[in-house]
Amino acid sequence: MIDAMEHFIRPNGSPPVNGYSHAVAFTGAMVAVSGQVPVDGDGNLVGKEDAEAQVRQVYANLTTVLEAAGSGLEHVVKLTVYLTDLDDLGAFRKVRDEYQDAENPPACSLVRVAGLVHPDFRVEVDALAVAPSAGYRLARGGTSETSQAYR
């Protein structure tokens with residue numbers, strides 16, 4: 001159960017934002033999501049030269065992983081976005097705004113990188129989220145073959 005989550009979108013004296021909060025405070029269990037890349041469930045690259053298609057696949061992967069961990073995009077408190085080309089920022093923002101609540105956006109860092117693990121990857125995103133049902137799942141030792149609780 002989430003005890004509390006508060007978004008500090010633009011505290012007095014802080015610079016303007018575009019779709020993110022300067023800070024998000026929360027209590028409760030947390031899930032850390034590894035960097036998600038534009039690869040589908042079969043391991044195929046999605047959108048070789050299409051930034052928007054790649055970002056959509058990354059968000060699909062984030063959704064899948066967060067749900068498996070007992071969370072969801074609405075519970076994300078922090079994103080780190082890696083882009084190989086800042087010209088892709090518009091595509092990222094467009095897709096992000098379709099998937100995430102503009103009223104309660106997560107904190108976010110954007111990093112331009114020279115390259116990612118695969119030369120055709122244009123974007124990678126990792127996340128921290130509150131996991132409202134994780135306490136129950138972990139107490140039971142996980143609920144699926146793909147989960148593992150460490151005790």
Side-chain angles (χ1 to χ4, degrees), residues 2 5-134 137 142 144-150:
I2 299 174
M5 186 185 308
E6 185 173 1
H7 293 79
F8 299 89
I9 296 173
R10 187 177 180 201
N12 288 337
S14 65
V17 295
N18 187 342
Y20 65 92
S21 295
H22 276 287
V24 179
F26 65 95
T27 59
M30 182 174 64
V31 59
V33 178
S34 296
Q36 298 299 301
V37 295
V39 173
D40 67 18
D42 293 323
N44 299 309
L45 172 68
V46 173
K48 181 175 180 177
E49 295 183 20
D50 182 343
E52 185 174 327
Q54 288 200 11
V55 175
R56 284 189 190 288
Q57 184 61 50
V58 165
Y59 265 92
N61 294 346
L62 284 169
T63 299
T64 298
V65 172
L66 286 165
E67 288 176 358
S71 190
L73 287 171
E74 70 276 15
H75 300 300
V76 171
V77 296
K78 172 75 165 78
L79 291 174
T80 305
V81 179
Y82 305 92
L83 295 176
T84 59
D85 186 340
L86 289 180
D87 287 341
D88 294 344
L89 183 56
F92 170 78
R93 286 179 173 159
K94 176 183 178 185
V95 174
R96 174 205 61 197
D97 292 350
E98 293 172 15
Y99 279 86
Q100 296 197 257
D101 179 6
E103 296 297 315
N104 294 299
C108 186
S109 296
L110 171 65
V111 183
R112 187 186 66 76
V113 294
L116 294 165
V117 70
H118 187 289
D120 291 328
F121 291 172
R122 302 172 70 92
V123 60
E124 181 172 335
V125 178
D126 62 49
L128 294 175
V130 177
S133 63
R137 289 168 50 96
S144 74
E145 294 176 8
T146 59
S147 68
Q148 176 153 2
Y150 292 91

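Below, all heavy atoms of this structure are taken into account, side chains as well, without hydrogens, waters or symmetry copies.
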Asks: Indicate every side-chain donor-acceptor pair of residues 91-98 with a distance under 3.5 Å to a residue at least two apart or in another chain.
Replies:
| unit_1 | atom_1 | unit_2 | atom_2 | d |
| --- | --- | --- | --- | --- |
| Lys94 | NZ | Glu52 | OE1 | 3.3 |
| Lys94 | NZ | Glu52 | OE2 | 3.4 |
| Arg96 | NH1 | Asn18 | O | 3.2 |
| Arg96 | NH2 | Asn18 | O | 3.4 |
| Glu98 | OE1 | Arg56 | NH1 | 2.6 |
| Glu98 | OE1 | Arg56 | NH2 | 3.0 |
| Glu98 | OE2 | Arg56 | NH2 | 3.1 |

Asks: Hey, what do you get for NE2 (His75) to CD (Glu67), rounding to the nearest 0.5 Å?
Replies: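 CD of Glu67 is found 10.0 Å from NE2 of His75.
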
Asks: If I compare all heavy atoms of Thr63 with all of Leu73, which pair ends up nearest, and what's the gap?
Replies: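 Smallest heavy-atom distance, with atoms named: OG1-CD1, 3.3 Å.
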
Asks: For Pro15 versus His22, what's the shortest heavy-atom pair and its separation?
Replies: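 Answer, listing the atom of Pro15 first, then His22: O-NE2, 2.8 Å.
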
Asks: How many angstroms lie between CG in Leu110 and CG in Leu79, if you round to the nearest 0.5 Å?
Replies: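 Going from the CG atom of Leu110 to the CG atom of Leu79 covers 11.0 Å.
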
Asks: Any heavy-atom pair between the side chains of Leu66 and Val76 that's under 4.5 Å?
Replies: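 Side chain of Val76 against side chain of Leu66, heavy atoms only: contact under 4.5 Å found.
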
Asks: Output, in order, the C-alpha distance, side-chain angles, deciding distance and verdict of side-chain hydrogen bond (donor to acceptor under 3.5 Å, both in side chains) for Gln54 and Asp50.
Replies: CA-CA 6 Å; Gln54 288 200 11; Asp50 182 343; over 6 Å; no

Asks: Could you pull out the closest heavy-atom pair between Asn61 and Val37, with the gap in Å?
Replies: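 Smallest interatomic distance, heavy atoms only, reads ND2-O, 2.8 Å.
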
Asks: Report yes if some heavy atom in the side chain of Met5 is under 4.5 Å from a heavy atom in the side chain of Val77; otherwise report no.
Replies: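 The answer is yes, as the side chains (C-beta and beyond) meet within the 4.5 Å cut-off.
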
Asks: For Arg112, does the CZ atom have more than 12 heavy-atom neighbours from other residues, nucleotides or ligands under 6.0 Å away?
Replies: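 No, the 6.0 Å shell around CZ holds no more than 12 heavy atoms from other groups.
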
Asks: Under a 4.5 Å cut-off applied to non-hydrogen side-chain atoms, are Arg10 and Pro16 in contact?
Replies: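 Sidechains of Pro16 and Arg10: in contact.
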
Asks: With a 4.5 Å cut-off on side-chain heavy atoms, are Tyr59 and Gln100 touching?
Replies: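 Sidechains of Tyr59 and Gln100: in contact.
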
Asks: Keeping the roles fixed (side chain from His118, backbone from Asp120), state whether a donor-acceptor pair exists under 3.5 Å.
Replies: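 Side chain of His118 to backbone of Asp120, a donor-acceptor pair under 3.5 Å: yes, one is there.
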
Asks: Mind checking the CD-OH spacing from Gln36 to Tyr82? Nearest 0.5 Å is all I need.
Replies: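 The distance works out to 12.5 Å.
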
Asks: Just verifying a value: how many Å separate Met30 CE and Leu128 CG, rounded to the nearest 0.5 Å?
Replies: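 These two atoms lie 5.0 Å from each other.
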
Asks: Treating Asp42 as the side-chain partner and Asn44 as the backbone partner, does any N or O pair qualify as donor plus acceptor under 3.5 Å?
Replies: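 Flag not set: sc Asp42 to bb Asn44 has no pair under 3.5 Å.
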
Asks: Where is the tightest heavy-atom contact between Pro105 and Val24, given as atom of each residue plus distance?
Replies: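 The answer is O-CG2, 4.0 Å.
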
Asks: Looking only at non-hydrogen atoms, find the nearest pair between Ala69 and Ala131 and report the distance.
Replies: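 In this case the closest contact between Ala69 and Ala131 is O-CB, 4.0 Å.
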
Asks: Would you please test Val65 and Val31 for side chain to side chain contact (heavy atoms under 4.5 Å, CB included) and show each step?
Replies: CA-CA 10 Å; Val65 172; Val31 59; over 6 Å; no

Asks: Using the side-chain contact (heavy atoms from CB on, under 4.5 Å) rule, pick out the option among Leu45, Thr84, Val58 that qualifies with Phe121.
Replies: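 Among Leu45, Thr84, Val58, the one meeting side-chain contact (heavy atoms from CB on, under 4.5 Å) with Phe121 is Leu45.
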
Asks: Taking side chain as C-beta onward, heavy atoms only, is Val55 less than 4.5 Å from Asp88?
Replies: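 The answer is no; the side chains never approach within 4.5 Å.
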
Asks: Let me confirm one number: the OG-NZ distance from Ser21 to Lys78, rounded to the nearest 0.5 Å.
Replies: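 The NZ atom of Lys78 is 11.5 Å from OG of Ser21, to the nearest 0.5 Å.
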
Asks: Looking at Ala53 and Val46, what are the two nearest heavy atoms and their distance?
Replies: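 That would be O-CG1, 3.9 Å.
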
